[in-house]
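Worksheet: one structure, shown below.
In what follows, every heavy atom counts, from backbone to side chain, and hydrogens, waters and symmetry copies are set aside. All chains are named by letter (A, B, ...) in the order of the sequence lines, taking the proteins before the strands, and each is independently numbered beginning at 1.
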2 protein chains.
Amino acid sequence: MAKEKPSPRGRRRHHGDNRVTIDDVAKEAGVAPITVSRALNTPDKVSSKLRARVDQAVTSLGYVPNLIAGGLASAGTRVIPVVVPSLSILTFIEVVHGIQQTLEDAGYQVLLGSTDFDLDRETSLIDSVLGYSPSGVILTGLKHNDSTVQRLKTWGRPVVEIMELGLPCIDMNVGVDNPRAGACMAQHLLDRGYRRIAFLGVGMARDYRARQRFEGHREVLAAAGVESDLLFTSEEPSSYAAGRRVFLEALAARPDLDALHFANDNLAAGAILEANRQGIRMPDDIAMGSYLGLSLGEHLSPTLTTVSVPRFEMGVEAAKLLLERLEGRPPSQPRIDIGYRLIAREST
Amino acid sequence: MAKEKPSPRGRRRHHGDNRVTIDDVAKEAGVAPITVSRALNTPDKVSSKLRARVDQAVTSLGYVPNLIAGGLASAGTRVIPVVVPSLSILTFIEVVHGIQQTLEDAGYQVLLGSTDFDLDRETSLIDSVLGYSPSGVILTGLKHNDSTVQRLKTWGRPVVEIMELGLPCIDMNVGVDNPRAGACMAQHLLDRGYRRIAFLGVGMARDYRARQRFEGHREVLAAAGVESDLLFTSEEPSSYAAGRRVFLEALAARPDLDALHFANDNLAAGAILEANRQGIRMPDDIAMGSYLGLSLGEHLSPTLTTVSVPRFEMGVEAAKLLLERLEGRPPSQPRIDIGYRLIAREST
DNA sequence: CTGTTAGCGCGTTCAA
DNA sequence: TTGAACGCGCTAACAG
């Protein structure tokens, strides 16, 4: 009622900002700022009468909450950093897509980070994004620097590790059993009667999940008593062109091969397209199987046999797990095996 | 020197958080908190002696700055929201990739948002992310709700609109001239001697940039005096399967067509793969051209003629423009035409 | 259900 | 070059 309060701003305000604040809304609605805050964040804790007054003031003034201030006061922002190795690999993108969609629908924002497969970059990235007081974190893989693991374990907020499955996880885990996925394709090739089977990959020095699939592959072949360590790789990024090259290399080195197990569909697609060009018949001359389940596979000639992984769904599940914890719901289970599915098509 | 200050915390601290703060570092280093702040943010304003003491305290305590608090105090966070229509469309992903890489290298974080091509969602998304006091914003396209445009124009921080080029932009603009790109392919088809040319797209109700390309295409054909409004579309997301379907539909409706102009490479790839299956010869039976420049195009048989757009580079340039302004450098130019390149291959 | 008070952890401003 | 004080805008905690 009185305005002769000694003007709380002893000095000029820091910033020329003239954004409307919660105080402005409170004044306009004739309530205390905290009531505005509650009307916005926990509407059922405010009488419908006041809530209406507040809502109106909010729209009439065009109030937009300062999430930074809210975050500082409540020690948490509705931000979820998502840390992946690379944005040039479709797999991660699709997972991020699932995460993003699920979180955005729940009112959270994704803060995107990429590490280029470098654990030290991962560490510093995580250190820095934790500075935003995020509600949780999603990161890729189960291998991290000790300091990262330590920091996240003592952090006290939900953490989900995605893509791969395995024992020691920081908090929660959604992924695929890579060795078994690799074994699955190897077994399929054996079942189809192939015996001279090679594994073809690229960038396997950094991509240890591909190495895990190769391991599964190798063990199955070894157990079957066939040559198990035929591996062709190159240290370039995965691409159609890379697939073509590794394919040609393998053919040149071992013309007797009867089946190829590619580390992913992109490589396999490059190989199939090249084989088409050269008139190599599949699976008669050589069979091809791979991993991922990209839609391109079903449009190639021959259609591609692959171990398909629900990547988008993996993102969705990871996000759901996080949300469960954030909303205080019973954390059903801290580990989800998202599974895979062998799709046998013409190429084998 | 004395510790009998009446303990600034009249009550318990809000949060059980035991994170180390700038005060802890200051105490450890025997300086004032502000000196720590300066040593970290503006190192040259602190004597090397104190700076060393601070740096050591920082590492020994494992101090990680609270970016939220810093953001509140300085009215700005090193966050850049990037708003795209969809994360399931490769084009946007590649642009985001370029943006992300460039910004992360400069110490900024990307906050990812997607609108599903809905301008109202865009508006509310932008309203909400502005609550994080970001340093700038990158958004897609030049069409937005008036309120969005208004808010961003008066916002006072750099804004970059990407993907398309045109006159009224909010602040800065990096993109492609879609009508000219469409015209370019149409002209190419004419030059090659084709005369019964159709445009095939999907989801063009929402994707007005594809409509713009069709417009450019139409005008060129009309000017050449050939049938110009042959358009086949369906309202489904872009995919290989969709390309196949629209292709078959067009063939069925107009068996006399001699060339197809696809709205993007994915559709064209789906069509080429289907044509391969059916023994349709390209370009003899029918020619195909499209837009994007995906690497898949050069591995198909026939290799695909396309208007290639440097998507990653577009992201890089958008980010650079933003950074220029953020770093107070002369804003070279507020609008960049990223260009396109006709890659004539076997399919035409 | 509503209001009061007191910070959240920093950087800006002003003074030395 | 260093420091003291203040407040960014909001919400947690504690009354009423």
Side-chain angles (χ1 to χ4, degrees), chain A residues 5-27 29-54 58 61 63-78 130-133, chain B residues 1 5-27 29-51 53-54 63-78 130-133:
Chain A
K5 214 200 247 175
S7 176
R9 48 180 94 144
R11 353 188 142 192
R12 203 168 64 264
R13 314 165 68 115
H14 279 175
H15 325 290
D17 259 347
N18 39 3
R19 272 188 48 146
V20 343
T21 73
I22 206 172
D23 286 343
D24 301 325
V25 177
K27 230 161 277 169
V31 300
I34 184 67
T35 301
V36 176
S37 171
R38 284 198 272 248
L40 263 30
N41 299 322
T42 51
D44 18 75
K45 292 190 170 179
V46 172
S47 66
S48 55
K49 193 181 131 114
L50 285 193
R51 201 187 323 136
R53 289 229 304 271
V54 168
V58 164
L61 293 179
Y63 170 66
V64 178
N66 182 327
L67 302 174
I68 292 296
L72 181 57
S74 64
T77 54
R78 292 176 77 86
L130 287 189
Y132 288 109
S133 299
Chain B
M1 22 201 75
K5 213 200 251 176
S7 176
R9 48 179 97 144
R11 352 188 141 193
R12 203 166 63 263
R13 318 164 65 115
H14 279 176
H15 326 291
D17 258 348
N18 39 3
R19 272 188 46 146
V20 343
T21 73
I22 205 172
D23 286 343
D24 301 326
V25 177
K27 230 160 278 170
V31 299
I34 183 61
T35 301
V36 177
S37 172
R38 284 198 272 249
L40 263 29
N41 300 322
T42 51
D44 18 74
K45 291 190 168 180
V46 171
S47 65
S48 55
K49 191 181 132 114
L50 286 193
R51 198 183 330 133
R53 289 231 304 270
V54 168
Y63 170 66
V64 177
N66 183 327
L67 273 11
I68 291 295
L72 182 57
S74 65
T77 54
R78 292 176 78 86
L130 288 190
Y132 288 108
S133 300

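- Note on B/Leu67: nothing from the nucleic acid sits closer than 4.0 angstrom, heavy atoms only.
- Considering only side-chain N and O atoms, A/Ser47 lies under 4.0 angstrom from the phosphate OP1 or OP2 of C/dT2.
- A/Lys27 places its NZ atom 16 Å from the C1' atom of C/dG3, with the value rounded to the nearest Å.
- An OP1 or OP2 oxygen of C/dC10 is reached within less than 4.0 angstrom by no side-chain nitrogen or oxygen of B/Ser37.
- For the pair A/Thr77 (side chain) and A/Ser133 (backbone), a donor-acceptor distance under 3.5 Å is present.
- Between the CG atom in A/Asp23 and the OH atom in A/Tyr63 there is a gap of 9.0 Å [rounded to 0.5 Å].
- We find the OG1-CZ distance between A/Thr42 and A/Arg51 to be 10.0 Å, quoted to the nearest 0.5 Å.
- Listed candidates were C/dC10, C/dG3, D/dC10. Nearest to the side chain of A/Ala73 is D/dC10.
- Within 4.0 Å (heavy atoms only), B/Ile22 reaches sugar-phosphate atoms of the nucleic acid but no base atom.
- Distance alone, capped at 3.5 Å, places no donor-acceptor pair between the A/Arg78 side chain and the A/Leu67 backbone.
- The side chain of A/Leu72 has C/dG9 as its nearest neighbour among C/dG9, C/dG3, D/dT2.
- Residue-to-nucleotide proximity on DNA chain C shows that, of B/Pro33 and A/Val46, the 5′-proximal contact is made by A/Val46.
- For B/Tyr63, the side-chain atoms get nearest to C/dC10 when compared with the rest of D/dT11, D/dG9, C/dC10.
- In this structure, the nucleotide among D/dG9, C/dG11, C/dG3 sitting nearest to the side chain of A/Ile34 is C/dG3.
- Within the 4.0 Å cut-off from OP1 or OP2 of D/dC10, not a single side-chain nitrogen or oxygen of B/Tyr132 is found.
- The side chain of A/Thr21 contributes no N or O atom lying less than 4.0 Å from OP1 or OP2 of D/dG9.
- Of the candidates C/dC10, C/dG11, C/dT2, C/dC10 carries the atom nearest the B/Asn66 side chain, counting heavy atoms from C-beta on.
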